[in-house]
Amino acid sequence: MEENLEIEFKSKLTQESHLLIRDYFPFESPIFQNNTYYDTPNSDLYREGTMCRVRKIGEELLLTVKEPHPDGVMEYEIYITGDIKSDPNSQKVLDVFNVNAQDLEEIAFSNTVRYEYKDVYGTWCLDVTQFEFHKDYEIEYELHHEDKAAQKHYYQTLKSIGIEYEAIQPKFVRALNSKQIRDEELSLQDSHS
């Protein structure tokens with residue numbers, strides 16, 4: 001199991017600003033990610049601000065659990081070879097959070113097309129994410145290590161491209177919100193019938 005402190009900056013984008021950034025950086029070929037999010041029936045992880053995800057890229061499955069940390073987000077990661085409930089590596093990570101893999105259920109899903117470009121401070125990750133009921137765009141800047149100059153570099157780069165910073169929630173929260181927005185829309189439709 002790997003543990004690392006994730007320090008990143010991220011901004012919401014429009015489709016137009018997404019295209020501006022794609023033209024600005026010499027990105028590598030896109031990476032296609034399938035993200036499945038899990039929690040217990042009582043939302044034990046979510047109530048602690050913790051996210052549990054299995055990300056599939058090609059044939060590889062990476063289990064990641066993230067929890068808040070004063071300097072960013074602490075990540076616990078391990079590759080698994082099967083279902084989160086049956087792979088013994090899953091429990092190694094979940095033991096840190098006193099959660100039994102057998103108690104987990106799928107709560108949300110998303111697909112992301114990611115473009116990456118590395119520079120002196122970190123990796124620029126340009127994402128288009130399709131959630132269950134909506135699609136959105138964002139730019140993440142994942143730092144190689146903590147560096148006070150990186151945040152200024154991030155904001156100045158966005159400004160030089162002509163993009164205004166706009167805060168955005170984590171994908172996990174957006175995936176959950178996608179279902180809630182759709183449920184609210186259906187409820188409104190039913191009330192007007």
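Residue numbers count from 1 along this sequence.
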(request) Show the numbers, then the answer: is there a side-chain contact (heavy atoms from CB on, under 4.5 Å) between Asn89 and Thr81? (result) CA-CA 9 Å; Asn89 282 334; Thr81 56; 6.0 Å; no
(request) Starting at CG of Leu63, measure out to OG of Ser90 and round the result to the nearest 0.5 Å. (result) 5.0 Å
(message) Quick check: do Ile168 and Arg174 have side-chain heavy atoms less than 4.5 Å from each other?
(response) yes
(request) For the pair Tyr137 and His18, name the ring-plane relationship: parallel under 30°, tilted 30 to 60°, perpendicular over 60°. (result) tilted
(message) Return the OH to CD1 distance between Tyr115 and Ile31, rounded to the nearest 0.5 Å.
(response) 10.5 Å
(message) Are the side chains of His134 and Asn177 in contact, using a 4.5 Å heavy-atom criterion?
(response) no
(request) Give a yes or no on whether Tyr37 and Leu61 share a hydrophobic cluster (residues Ile, Leu, Val, Met, Phe, Trp, Tyr; joining criterion: side-chain heavy atoms under 4.5 Å apart). (result) no
(request) Could you check if a side-chain atom of Asn98 sits within less than 4.5 angstrom of a side-chain atom of Asp44, using non-hydrogen atoms only? (result) no
(request) May I ask you to test the Arg22-Leu126 pair for a side-chain heavy-atom distance under 4.5 Å? (result) yes
(message) Are the side chains of Phe97 and Tyr76 in contact, using a 4.5 Å heavy-atom criterion?
(response) yes
(message) Under 4.0 Å between a side-chain nitrogen and a carboxylate oxygen: does that hold for Glu8 and Lys66?
(response) no
(message) Are there over 12 heavy-atom neighbours, none belonging to Gln130, within less than 6.0 Å of that residue's CD?
(response) yes
(request) Mind listing the closest non-hydrogen atom pair of Thr123 and Lys118 along with its distance? (result) OG1-CG, 3.4 Å
(message) Please determine whether residues Phe25 and Val113 belong to a single hydrophobic cluster, defined as Ile, Leu, Val, Met, Phe, Trp and Tyr linked transitively by side-chain heavy-atom distances below 4.5 Å.
(response) yes
(request) Quick one: pull up CZ in Arg55 and OG in Ser110 and give me the separation to the nearest 0.5 Å. (result) 7.5 Å
(request) For Tyr117 and Pro26, work out which heavy atoms get closest and say how close. (result) CE1-CG, 3.5 Å
(message) Between Val65 and Val96, is there a side-chain heavy-atom distance shorter than 4.5 Å?
(response) no
(request) Give a yes or no on whether the backbone of Lys85 and the side-chain of Gln102 come within a donor-acceptor separation of less than 3.5 Å. (result) yes
(request) Flag the pair Phe9 / Tyr165 as yes when their ring centroid distance falls below 6.0 Å, and as no otherwise. (result) no
(request) Identify the residue among Glu142, Glu28, Glu138 that makes a salt bridge (charged side-chain N to carboxylate O under 4.0 Å, His left out) with Arg114. (result) Glu142
(request) Give a yes or no on whether Val128 and Phe133 share a hydrophobic cluster (residues Ile, Leu, Val, Met, Phe, Trp, Tyr; joining criterion: side-chain heavy atoms under 4.5 Å apart). (result) no
(message) What verdict does the side-chain contact (heavy atoms from CB on, under 4.5 Å) test give for Ile57 and Leu62, after you've listed the backbone C-alpha separation in whole Å, the side-chain angles of each residue and the deciding distance to 0.1 Å?
(response) CA-CA 8 Å; Ile57 300 176; Leu62 179 63; over 6 Å; no
(message) Please find the pair of heavy atoms, one from Ile21 and one from Leu158, that lie closest to each other, and give the distance.
(response) CD1-CD2, 4.3 Å
(message) Taking atom CD as the centre, does Glu48 end up with more than 12 heavy-atom neighbours from other residues, nucleotides or ligands that are less than 6.0 angstrom away?
(response) no
(request) Begin from the C-alpha positions of Cys52 and Ile84 and carry the test side-chain contact (heavy atoms from CB on, under 4.5 Å) through to its verdict. (result) CA-CA 10 Å; Cys52 177; Ile84 191 170; 4.0 Å; yes
Determine all donor-acceptor pairs shorter than 3.5 Å in which one atom belongs to a side chain in residues 150-157; sequence neighbours excluded.
{"unit_1": "His153", "atom_1": "NE2", "unit_2": "Asp119", "atom_2": "OD2", "d": "2.8"}
{"unit_1": "Tyr154", "atom_1": "OH", "unit_2": "Ser11", "atom_2": "N", "d": "3.1"}
{"unit_1": "Thr157", "atom_1": "OG1", "unit_2": "His153", "atom_2": "O", "d": "2.7"}

(request) Drop me the distance from Arg53's CZ to Asn35's CG, to the nearest 0.5 angstrom. (result) 5.5 Å
(request) Please name the pair of heavy atoms, one in Ala108 and one in Ala175, separated by the smallest distance, quoted to 0.1 Å. (result) CB-CB, 3.7 Å
(message) Check Asp127 with Lys171, please: is the shortest side-chain N to carboxylate O separation under 4.0 Å?
(response) yes
(request) Give a yes or no answer on whether the side chain of Asp39 reaches the backbone of Leu45 with a donor-acceptor pair at less than 3.5 Å. (result) yes
(request) State, to 0.1 Å, how close Leu94 and Leu104 come at their nearest heavy-atom pair, and which atoms those are. (result) CD1-CD1, 3.6 Å
(request) Please check if Phe172 and Tyr38 belong to a single hydrophobic cluster, counting links between Ile, Leu, Val, Met, Phe, Trp and Tyr side chain heavy atoms closer than 4.5 Å. (result) no
(request) Could you verify whether a donor N or O on one side chain and an acceptor N or O on the other, from Glu75 and Asn4, lie under 3.5 Å apart? (result) yes
(message) Rounded at 0.5 Å granularity, tell me how far NZ in Lys92 sits from CG in Asp87.
(response) 8.5 Å
(request) Could you tell me whether Glu2 atom CD has more than 12 heavy atoms of other residues or ligands within 6.0 Å of it? (result) no
(request) Determine which pairs satisfy salt bridge (Lys or Arg N to Asp or Glu O under 4.0 Å) with at least one residue from residues 93-112, sequence neighbours left out, and list them in order. (result) none
(request) Kindly indicate, with the supporting measurements, whether the criterion side-chain contact (heavy atoms from CB on, under 4.5 Å) is fulfilled by Ile107 and Tyr46. (result) CA-CA 11 Å; Ile107 56 168; Tyr46 184 75; 6.0 Å; no
(message) Is there a side-chain contact between Asp83 and Val54 in this structure, where contact means two heavy atoms from C-beta onward sitting under 4.5 Å apart?
(response) no
(request) Verify the neighbour count for atom NZ of Lys159: are there more than 12 heavy atoms of other residues, nucleotides or ligands below 6.0 Å? (result) no
(message) According to a hydrophobic-cluster definition based on side-chain heavy atoms being under 4.5 Å apart (Ile, Leu, Val, Met, Phe, Trp, Tyr only), do Phe32 and Phe131 belong together?
(response) no
(message) Looking at every non-hydrogen atom in both residues, tell me the closest pair between Ala167 and Lys12 and how far apart they are.
(response) O-CB, 4.1 Å
(request) Rounded to the nearest 0.5 Å, what's the gap from CD on Glu77 to CD on Glu3? Could you check? (result) 10.5 Å
